[in-house]
Amino acid sequence: MKRTRSHQVSFRLNDKEYALLQGKLAASGLSLTEFFIETISKGKVIIISDFIPLLSELKRQGVNLNQLARRANQFSPLSEHEIINTLQQCQNTYRRLYELSEQLGA
């Protein structure tokens with residue numbers, strides 16, 4: 001097996017730049033080396049932490065939709081407010097997902 005040569009790189013950051021690096025590094029879940037390799041090989045690192053609350057919201061909405069469907073199938077009357085509120089929550093979440101995907105260039 002061919003052994004590749006390693007190189008050490010050092011550079012200086014001011015306090016603001018260092019804090020920014022630490023924040024992005026923590027959000028990425030990567031080691032410092034992995035973070036830099038990802039950054040230089042792909043041009044950018046996409047942090048998806050903004051999607052985590054949206055995923056929880058989508059799960060909650062799925063539960064709400066299932067409950068509404070179950071009630072509708074049991075012939076229980078659904079109020080107009082329940083239907084409109086659930087649909088508005090879905091629309092808001094999909095809008096937020098779209099905005100985030102636009103920011104990420106997806």
Side-chain angles (χ1 to χ4, degrees):
M1 178 184 233
K2 186 176 179 181
R3 185 164 187 243
T4 60
R5 193 170 151 192
S6 296
H7 299 278
Q8 185 172 347
V9 177
S10 66
F11 55 94
R12 297 182 184 275
L13 300 172
N14 63 32
D15 290 341
K16 185 177 178 180
E17 294 164 339
Y18 183 74
L20 180 63
L21 171 63
Q22 290 301 309
K24 290 189 177 198
L25 188 59
S28 73
L30 301 172
S31 71
L32 183 61
T33 300
E34 292 167 334
F35 182 85
F36 281 115
I37 291 171
E38 185 79 11
T39 301
I40 62 174
S41 65
K42 294 188 178 176
K44 65 180 176 178
V45 173
I46 297 173
I47 308 299
I48 61 167
S49 61
D50 292 336
F51 283 105
I52 293 170
L54 289 175
L55 294 175
S56 296
E57 176 66 19
L58 284 173
K59 183 176 180 180
R60 189 179 68 74
Q61 289 176 12
V63 169
N64 288 348
L65 289 171
N66 285 336
Q67 289 172 347
L68 289 175
R70 190 176 309 117
R71 282 187 48 203
N73 287 330
Q74 294 172 347
F75 304 105
S76 296
L78 298 174
S79 73
E80 184 178 341
H81 174 74
E82 288 176 302
I83 295 169
I84 290 173
N85 186 42
T86 301
L87 289 174
Q88 286 175 337
Q89 288 176 358
C90 290
Q91 288 173 333
N92 290 338
T93 302
Y94 293 129
R95 187 178 308 111
R96 288 170 47 203
L97 282 169
Y98 177 79
E99 289 168 357
L100 278 173
S101 68
E102 286 291 307
Q103 291 172 6
L104 297 174

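Everything quoted here is computed from the prediction, not taken from an experiment.
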Fill in the blank from the handout: Residues at least two apart in sequence or cross-chain that pass ring-ring contact (aromatic ring centres under 6.0 Å, His included) with Y18, listed by chain then number, are none
Problem - Cluster link L32 to L20, ILVMFWY, side chain under 4.5 Å - result: no
Handout entry: Verdict with reasoning, N64 to R60, per side chain to side chain contact (heavy atoms under 4.5 Å, CB included)
Key = CA-CA 6 Å; N64 288 348; R60 189 179 68 74; 3.2 Å; yes
Practice task
Nearest 0.5 Å please: distance from the CD atom of E57 over to the SG atom of C90.
Solution key: 8.5 Å
Exercise for the section: Report, as yes or no, whether the 6.0 Å neighbourhood of atom CG on D15 holds more than 12 heavy atoms from other residues, nucleotides or ligands. Expected result: no
Exercise for the section: Treating Ile, Leu, Val, Met, Phe, Trp and Tyr as nodes and any side-chain heavy-atom pair under 4.5 angstrom as an edge, say whether L58 and L65 lie in one connected cluster. Expected result: no
Practice task
Find the distance between CD (Q91) and CD (Q89) and round it off to the nearest 0.5 Å.
Solution key: 11.0 Å
Fill in the blank from the handout: Between the CG atom in L68 and the OG1 atom in T86, the distance rounded to the nearest 0.5 Å is 4.5 Å
Fill in the blank from the handout: In short, L30 meets L25 closest at the heavy-atom pair O-CD1, 3.4 Å
